[in-house]
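A note on names: the letters A, B, ... follow the listed sequences, proteins ahead of strands, and every chain is numbered from 1.
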Amino acid sequence: MPELPEVETTRAGLAPHLIGRCVRAVRLHRADLRFPIAPELASVLPGLMIADVRRRAKYLLLDTAQGSVLLHLGMSGSLRVLNPAAPLKRHDHIEIDLDSGLSLRLHDPRRFGCCLWQAPQSVHPLLQKLGPEPFDLSFNADYLYRLSRGRSAAVKTFLMDQQSVVGVGNIYAAEALFAAGIDPRRAAGAVSRARYAKLCAAVRMILGDAISQGGTTLRDFLNPSGSPGYFAQRLSVYGREGKSCVTPGCRSTIAQVTLGQRASFFCPSCQR
DNA sequence: CTCTTAACCTGGACGC
DNA sequence: TGCGTCCAGGTTAAGA
């Protein structure tokens with residue numbers, strides 16, 4: 001489910017409720033997520049103050065003086081801040097009670113997400129092989145151009161590889177390639193430097209717009225307050241197979257193919 | 001190295 | 001109503 005805009009929306013929604021608060025208690029209802037929930041959640045976290053809430057790629061970090069809670073939402077995860085008296089829902093796996101009287105809950109039906117622990121002054125192994133953040137200066141046309149030389153994989157697959165750039169998933173890869181006018185099936189190594197410049201700008205624009213809309217809610221994404229995101233209304237190609245292209249004057253219909261096992265949408269006329 | 005594929009898991013939509 | 005099939009916003013392990 002969540003790509004960078006949804007994770008960033010979650011981070012922004014959590015921060016005012018978590019920063020400066022102390023953890024009173026932790027309740028684990030189900031430990032078998034993608035990885036087992038880190039034992040430190042129960043053994044170390046209670047009593048600690050959350051000093052910051054950060055995002056790296058699609059991961060969230062809750063920093064304390066003794067280490068950080070490292071969260072990934074997988075395909076179906078979401079975090080809510082609510083009254084601990086609110087009834088527990090099916091697939092609510094973790095509850096973290098705060099000294100504000102509110103509680104943080106991790107809900108994840110498919111359990112592709114994880115909740116791990118990062119020791120102080122260290123970088124968790126899962127974060128070590130990640131590419132640049134899309135809003136960093138190091139993510140630019142030269143970088144993508146050089147990295148892609150000799151690559152035969154589809155440019156969409158290359159863009160979704162978290163070692164190329166982080167945060168771009170299936171929805172935003174489709175939208176960014178449409179905005180850049182690049183055929184998602186094209187080999188990454190056959191895309192020019194000039195077109196990678198367009199792609200960089202498109203990724204930033206699409207992600208930025210999506211963040212400002214609170215992310216995309218297709219089925220079940222909710223921010224920590226329980227509200228959906230509104231970027232779904234702005235999607236140009238994702239999920240629009242058979243419908244007409246939104247480009248003024250274009251008379252083509254949106255096509256769908258499978259790339260890297262993922263449904264992929266594009267306009268055969270606007271994207272080359 | 002790079003690339004492709006299967007697998008992890010649940011729920012909702014759809015066809016019969 | 002029920003049952004089978006397919007699909008879904010992510011990631012990794014294994015094999016070619």
>> Tell me which pairs pass ring pair (Phe, Tyr, Trp, His ring centres under 6.0 Å) where either residue lies in residues 36-84 of chain A, with sequence neighbours left out.
In response: A:Tyr59-A:His72

>> Test: ring pair (Phe, Tyr, Trp, His ring centres under 6.0 Å). Region: residues 167-218 of chain A. Which pairs qualify, not counting sequence neighbours?
In response: A:Tyr172-A:Phe231

> With hydrophobic residues grouped by side-chain heavy-atom distances under 4.5 Å, do A:Val53 and A:Leu61 end up in a single group?
Replying inline: no

>> Quick check: is A:Leu116 connected to A:Val26 through a chain of hydrophobic side chains (ILVMFWY, heavy atoms under 4.5 Å apart)?
In response: no

Nucleotide nearest [X] (side chain, heavy atoms from C-beta), chosen from [options]:
| X | options | value |
| --- | --- | --- |
| A:Met160 | C:dT11, C:dG10, B:dT2 | C:dG10 |
| A:Arg219 | C:dT11, C:dG9, B:dT10 | C:dG9 |
| A:Met75 | C:dA8, B:dC3, C:dT12 | C:dA8 |

Heavy atoms only: give me the nearest [X]-[Y] pair and the separation to one decimal.
| X | Y | result |
| --- | --- | --- |
| A:Asn83 | A:Arg105 | O-NH2, 4.0 Å |
| A:Ile211 | A:Pro5 | CG1-CA, 3.7 Å |
| A:Tyr143 | A:Pro132 | OH-CD, 3.3 Å |

> In terms of side-chain geometry, is the basic nitrogen of A:Asp99 or A:Arg21 positioned less than 4.0 Å from the acidic oxygen of its partner?
Replying inline: yes

> Any ion pair linking A:Glu175 and A:Arg234 (charged N to carboxylate O, less than 4.0 Å)?
Replying inline: no

>> In whole Å, measure the gap between the P atoms of C:dC3 and B:dC9 for me.
In response: 23 Å

> How far does the P atom of C:dC6 sit from the matching atom of B:dA6, given to the nearest Å?
Replying inline: 14 Å

>> Main chain of A:Ser244, side chain of A:Arg240: is a donor-acceptor contact present, judged purely on distance under 3.5 Å?
In response: yes

Report the distance from atom [atom1] of [X] to atom [atom2] of [N], rounded to the nearest whole Å.
| X | N | atom1 | atom2 | value |
| --- | --- | --- | --- | --- |
| A:Leu73 | C:dT11 | CG | P | 10 Å |
| A:Leu60 | C:dG10 | CG | P | 15 Å |
| A:Lys156 | B:dT4 | NZ | P | 13 Å |
| A:Leu127 | C:dG10 | CG | P | 17 Å |
| A:Lys89 | B:dG11 | NZ | P | 13 Å |
| A:Asn170 | C:dG9 | CG | P | 5 Å |

Using a heavy-atom cut-off of 4.0 Å across all strands, would you classify [X] as base, sugar-phosphate, or nothing?
| X | answer |
| --- | --- |
| A:Tyr172 | nothing |
| A:Leu259 | nothing |
| A:Ser152 | sugar-phosphate |

[X] side-chain N/O to [N] phosphate OP1/OP2 under 4.0 Å:
| X | N | result |
| --- | --- | --- |
| A:Arg262 | C:dC7 | no |
| A:His72 | C:dT11 | yes |
| A:Lys129 | C:dT12 | no |

> How many angstroms lie between atom OG of A:Ser192 and atom NZ of A:Lys198, to the nearest 0.5 angstrom?
Replying inline: 9.5 Å

>> So, taking the atom named NE2 in A:His107 and the one named CG in A:Leu73, what distance separates them when rounded to the nearest 0.5 Å?
In response: 11.5 Å

Got a list of side-chain donor-acceptor pairs under 3.5 Å for residues 261-272 of chain A, not counting sequence neighbours?
unit_1	atom_1	unit_2	atom_2	d
A:Ser264	OG	A:Lys156	NZ	2.9
A:Ser264	OG	A:Arg262	O	3.0
A:Ser269	OG	A:Ser252	OG	2.2
A:Gln271	OE1	A:Cys267	N	2.8
A:Gln271	NE2	A:Leu177	O	3.3
A:Gln271	NE2	A:Ile182	O	2.8
A:Arg272	NE	A:Pro268	O	3.3
A:Arg272	NH2	A:Pro268	O	3.2

Each nucleotide N or O in nucleotides 14-16 of chain C that has a protein N or O under 3.5 Å away: list the pair and distance.
none

>> For Watson-Crick and G-U wobble pairs within 3.5 Å on both distances, what is DNA chain C written in dot-bracket notation, | included for inter-strand pairing?
In response: .|||||||.|||||||

> Starting at the 5' end of DNA chain B and moving along, which residue's nearest nucleotide shows up first, A:Leu147 or A:Gly260?
Replying inline: A:Leu147

Sub-3.5 Å pairs of nitrogen or oxygen atoms, protein against nucleotides 7-9 of chain B:
unit_1	atom_1	unit_2	atom_2	d
B:dC9	O4'	A:Arg110	O	3.4
B:dC9	O3'	A:Arg111	NH1	3.1
B:dC9	O2	A:Arg110	NE	2.8
B:dC9	N3	A:Arg110	NH2	3.3

